[in-house]
**Q** 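There's a structure below that I have some questions on.
Values reported hereafter were calculated over all heavy atoms of this structure, with side chains retained and with hydrogens, waters and symmetry mates removed.
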Amino acid sequence: LYFIIFLYGIVFGSFLNVLIYRLPLKENIATEHSHCMTCGEKIQWYDLIPLVSYIILGGKCRHCKTKISPQYPIIEATNGIAYVIVFLVHGFNAVSILMCFAFSIFLVISVIDWRTFEIPFSLNVAIGVLAVIRIILDHKNLLDYLIGFCVISGFMLICLFIGRAIKGGDIKLMAVAGLFVGWKNVILAFLLGCIFGAVIHVIRMKVSGKERVLAFGPYLCAGLTIAMLFGTNIINWYISMF
């Protein structure tokens, strides 16, 4: 059963690669055929099998023999493994399905923001839709989700008004993500994201001389993923210390 879940994950991961490349370019994600980024040749269905086609082709285009970015199998495999982890942690239920979709969106946001320093609004809308569905399934805790919508996004909005380096896409992300995971988990996610961002970005600047501009989205998404999966356990552990 977990192998089937993994297969669903890598298949959906293949579509995530389409989103990662086409959303920043404003290209159609539904009707345009997949093609080689170098020669433009249409890619046939048998060369689009997740993970398998990359291995069979030796990581090269069938037509022009240009190397295919390793991003394709990495995204596919990461998504498949994440789906399995979600179901292992939260069991077989509707919320786990929503969390799988949420992780996929976090993954796309992370790569796009890392490259372009922008978070497509449509991806935040997609998280918002997942949040509404989760609230319907868990309407007894409606207040927790509503507080989650504004507790971190409100703080970030204040930071934006006083001139701090906060982007509108990050604020929208934490608003809809808070609506999805609830106020406790979104606070945890924000704290984790700040820690990840501070440590990793400083290391990147020291080691590779990267620019000082920080793409905050990937770190926030990492925090959100951890909070979504293990937030309750982490918070309970922290509270038990007092």
Side-chain angles (χ1 to χ4, degrees), residues 9-10 13-14 16-25 37-38 50-51 54-55 58-61 66-86 89 102-120 123-124 127 152-153 155-156 159-160 162-174 177 181 185-231 233-234 237-238:
I10 63 174
S14 180
L16 300 186
N17 280 310
V18 174
L19 297 179
I20 288 170
Y21 277 112
R22 295 188 184 182
L23 285 181
L25 299 176
M37 302 296 288
T38 301
L51 295 182
Y54 184 88
I55 296 173
K60 296 180 180 180
C61 172
T66 300
K67 288 186 177 181
I68 301 172
S69 171
Q71 171 193 301
Y72 288 96
I74 290 174
I75 293 295
E76 291 165 356
T78 299
N79 201 61
I81 293 170
Y83 278 22
V84 172
I85 293 174
V86 168
V89 173
F103 172 81
S104 294
I105 299 172
F106 293 154
L107 187 57
V108 174
I109 288 175
S110 296
V111 179
I112 292 179
D113 193 33
W114 185 270
R115 291 176 173 174
T116 67
F117 299 101
E118 293 184 0
I119 298 177
L123 297 177
N124 284 330
I127 297 174
I152 293 299
S153 59
F155 170 74
M156 295 175 73
C159 291
L160 178 64
I162 63 178
R164 299 297 180 182
I166 299 292
K167 297 186 297 182
D170 295 330
I171 297 174
K172 297 183 184 75
L173 169 62
M174 295 310 285
V181 301
N185 282 329
V186 80
I187 292 175
L188 173 63
F190 181 70
L191 293 175
L192 292 173
C194 289
I195 294 171
F196 294 152
V199 174
I200 298 175
H201 197 66
V202 167
I203 293 175
R204 290 182 68 228
M205 288 193 297
K206 293 292 185 180
V207 174
S208 57
K210 294 294 183 180
E211 66 282 348
R212 292 183 177 273
V213 179
L214 171 66
F216 202 12
Y219 305 114
L220 291 175
C221 287
L224 286 166
T225 299
I226 293 174
M228 183 175 68
L229 290 173
F230 311 109
N233 292 334
I234 294 174
W237 167 78
Y238 178 76

**Q** Nearest 0.5 Å, please: how far is OG in S110 from CZ in F103?
**A** 8.0 Å
**Q** Let me have the donor-acceptor pairs involving side chains of residues 190-200, under 3.5 Å, with sequence neighbours excluded, atom names and distances please.
**A**
none

**Q** Closest heavy-atom contact between G9 and N79?
**A** O-ND2, 2.7 Å
**Q** Between OG1 of T78 and OH of Y83, what distance do you get to the nearest 0.5 Å?
**A**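 Here the interatomic distance stands at 12.0 Å.
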**Q** To check you understand the geometry: which heavy-atom pair defines the closest contact between V186 and V181, and what is its length?
**A** N-CG2, 3.7 Å
**Q** Can you tell if the side chain of F117 reaches within under 4.5 Å of the side chain of F216, non-hydrogen atoms only?
**A** no
**Q** Heavy atoms only: give me the nearest P50-S14 pair and the separation to one decimal.
**A**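 Where P50 meets S14 most closely, the heavy atoms are CG-CB, 4.1 Å.
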**Q** Once side chain to side chain contact (heavy atoms under 4.5 Å, CB included) is applied, do any residues pair with A189, and if so which ones, sequence neighbours excluded?
**A**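 Checked A189 against side chain to side chain contact (heavy atoms under 4.5 Å, CB included); matches are L224, A227.
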**Q** My understanding is that only residues two or more places apart in sequence, or in another chain, count here; which of them pass side-chain hydrogen bond (donor to acceptor under 3.5 Å, both in side chains) with D113?
**A** K167
**Q** For P120, which residues count as a side chain to side chain contact (heavy atoms under 4.5 Å, CB included) partner, sequence neighbours excluded?
**A**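 P120 satisfies side chain to side chain contact (heavy atoms under 4.5 Å, CB included) with L23, I112, S122, L123 once adjacent residues are dropped.
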**Q** Report the residues that fulfil side-chain hydrogen bond (donor to acceptor under 3.5 Å, both in side chains) with Q71, sequence neighbours left out, ordered by chain and then residue number.
**A**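 Q71 satisfies side-chain hydrogen bond (donor to acceptor under 3.5 Å, both in side chains) with N17, R115 once adjacent residues are dropped.
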**Q** So do the side chains of D170 and M156 get within less than 4.5 Å of each other, counting heavy atoms only?
**A**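 Contact flag for D170/M156 side chains = yes.
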**Q** Please tell me if the side chains of F155 and M174 come closer than 4.5 Å, counting only heavy atoms from C-beta onward.
**A** no
**Q** To the nearest 0.5 Å, what is the distance between CG (L173) and CG (L220)?
**A**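 Answer rounded to 0.5 Å: 6.0 Å.
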**Q** To the closest 0.5 Å, what do you measure between CD1 (I74) and CG (L51)?
**A** 10.5 Å
**Q** Suppose we screen for ring-ring contact (aromatic ring centres under 6.0 Å, His included). Which residues come up paired with Y72, at least two apart in sequence or across chains?
**A** Y21
**Q** What distance separates S153 OG from I166 CD1, expressed to the nearest 0.5 Å?
**A** 11.5 Å
**Q** Determine, stepwise, if the pair I127 / I109 fulfils side-chain contact (heavy atoms from CB on, under 4.5 Å).
**A** CA-CA 11 Å; I127 297 174; I109 288 175; 3.9 Å; yes
**Q** Closest heavy-atom contact between P73 and P70?
**A** CD-O, 3.1 Å
**Q** Among all residues two or more places apart in sequence or in another chain, which pass the side chain to side chain contact (heavy atoms under 4.5 Å, CB included) test with L229?
**A**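 With neighbours one apart ignored, the set is I85, V86, H90, T225.
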**Q** Is there a side-chain contact (heavy atoms from CB on, under 4.5 Å) between I226 and I234? Walk through the geometry before answering.
**A** CA-CA 9 Å; I226 293 174; I234 294 174; 3.9 Å; yes
